[in-house]
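See below for the structure under consideration.
Below, all heavy atoms of this structure are taken into account, side chains as well, without hydrogens, waters or symmetry copies.
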Amino acid sequence: QVQLAESGGGLVQAGGSLRLSCAASGRTFSMHAMAWFRQAPGKEREFVAGISGWRGATDYADSVKGRFTISRDNAKNTVFLQMNSLKPEDTAVYYCATSLRMSLQTRLGEMDYWGKGTLVTVSS
């Protein structure tokens, strides 16, 4: 059974930064794709950033390109999301997810396991 645990959320002013972490356990981590999604109040869950297994190819939603960076530390079974220049519209619960596939995944239906989420609130 795979378990994912997010941390690092909180309250930050617009223009500030936060770094989210997601610790994974339960299976080989380095070979599988990881991703971050978010869900704002009243909205559907959406893709934010993804990283493939092995080579670490990345992809981002247009709304966060140039501001967010996804990375992974395979030795620590952890994936990170560095969020800079935060905006009030980034306010959401952020979820970590993993796929059984190695290639980069960007769709909710392609993810096999999910964390419980961490709340990020950006004040104006």
Side-chain angles (χ1 to χ4, degrees):
Q1 182 69 20
V2 176
Q3 294 183 333
L4 302 174
E6 303 97 335
S7 61
L11 174 64
V12 64
Q13 290 187 333
S17 298
L18 281 176
R19 189 192 196 203
L20 305 184
S21 300
C22 173
S25 62
R27 63 168 169 82
T28 304
F29 173 79
S30 63
M31 301 301 289
H32 296 91
M34 301 290 295
W36 289 94
F37 291 76
R38 68 185 181 187
Q39 188 166 16
K43 295 187 177 182
E44 295 184 349
R45 193 171 300 188
E46 63 177 4
F47 170 77
V48 175
I51 187 166
S52 70
W54 188 35
R55 292 186 177 182
T58 60
D59 193 16
Y60 299 90
D62 289 342
S63 59
V64 306
K65 280 182 180 177
R67 301 189 297 123
F68 291 11
T69 303
I70 188 171
S71 61
R72 64 193 300 163
D73 184 337
N74 292 331
K76 296 182 178 180
N77 282 6
T78 302
V79 64
F80 304 97
L81 185 67
Q82 178 66 44
M83 305 186 294
N84 299 329
S85 302
L86 283 161
K87 305 174 181 180
E89 50 264 44
D90 293 318
T91 294
V93 176
Y94 283 71
Y95 297 90
C96 175
T98 185
S99 170
L100 294 175
R101 305 171 189 175
M102 183 185 300
S103 59
L104 193 150
Q105 308 294 325
T106 63
R107 299 181 180 180
L108 274 74
E110 295 170 339
M111 311 310 293
D112 297 291
Y113 297 96
W114 293 84
K116 294 182 179 180
T118 185
L119 176 63
V120 171
T121 304
V122 184
S123 63
S124 56

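- Under the 30°/60° scheme for interplanar angles, the aromatic rings of Phe68 and Tyr94 are found to be tilted.
- The side-chain heavy atoms of Leu20 and Glu6, taken from C-beta on, include no pair separated by under 4.5 Å.
- Under the 4.5 Å side-chain heavy-atom criterion for ILVMFWY residues, no single connected hydrophobic cluster contains both Val79 and Tyr95.
- For Asp90, the side-chain hydrogen bond (donor to acceptor under 3.5 Å, both in side chains) partners at least two apart in sequence or on another chain are Arg38, Arg67.
- Phe37 and Leu81 are assigned to two separate hydrophobic clusters, defined by single-linkage of ILVMFWY side chains at heavy-atom distances under 4.5 Å.
- Leu18 has its side chain within reach of Leu86: a pair of non-hydrogen atoms, C-beta onward, lies under 4.5 Å apart.
- Other cluster members for Leu11: none, since no ILVMFWY side-chain heavy atom sits under 4.5 Å from it.
- Here the CE atom belonging to Met31 is positioned 9.5 Å from the CG atom belonging to Asn74, to the nearest 0.5 angstrom.
- From Gln82, atom CD reaches atom OG of Ser21 across 9.5 Å, with rounding to the nearest 0.5 Å.
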- Item | Residue pair Gln105, Ser103: steps toward the side chain to side chain donor-acceptor pair (under 3.5 Å) verdict | CA-CA 6 Å; Gln105 308 294 325; Ser103 59; 3.0 Å; yes
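- In the hydrophobic clustering of ILVMFWY residues, with side-chain heavy atoms under 4.5 Å counting as a link, Phe80 and Ile70 come out apart.
- Shown here for Ser17 and Ser85, the closest heavy-atom pair between the two residues is OG-N, 4.3 Å.
- A continuous path of hydrophobic side-chain contacts links Val93 to Leu108 [ILVMFWY only; heavy atoms under 4.5 Å].
- Going from atom CZ of Arg72 over to atom CH2 of Trp54 covers 13.0 Å, rounded to the nearest 0.5 Å.
- Residue Ser99 holds its OG atom at 10.0 Å from CE of Met34, rounded to the nearest 0.5 Å.
- Separation of atoms OG1 (Thr106) and CE (Met111) is listed at 9.0 Å; rounding is to 0.5 Å.
- When the side chains of ILVMFWY residues are joined at heavy-atom separations under 4.5 Å, either directly or via intervening members, Leu100 and Leu104 end up in two distinct hydrophobic clusters.
- In this structure, CD in Gln39 is found 9.5 Å from CD in Glu46, a value given to the nearest 0.5 Å.
- With hydrogens and angles disregarded, a donor-acceptor distance shorter than 3.5 Å links the side chain of Thr91 to the backbone of Val122.
- Closest of all the heavy-atom pairs between Tyr60 and Phe47 is C-CE2, 3.9 Å.
- Residue Cys96 comes nearest to Leu4 through the heavy atom pair O-CD1, 3.6 Å, listed as atom of the first residue, atom of the second, then distance.
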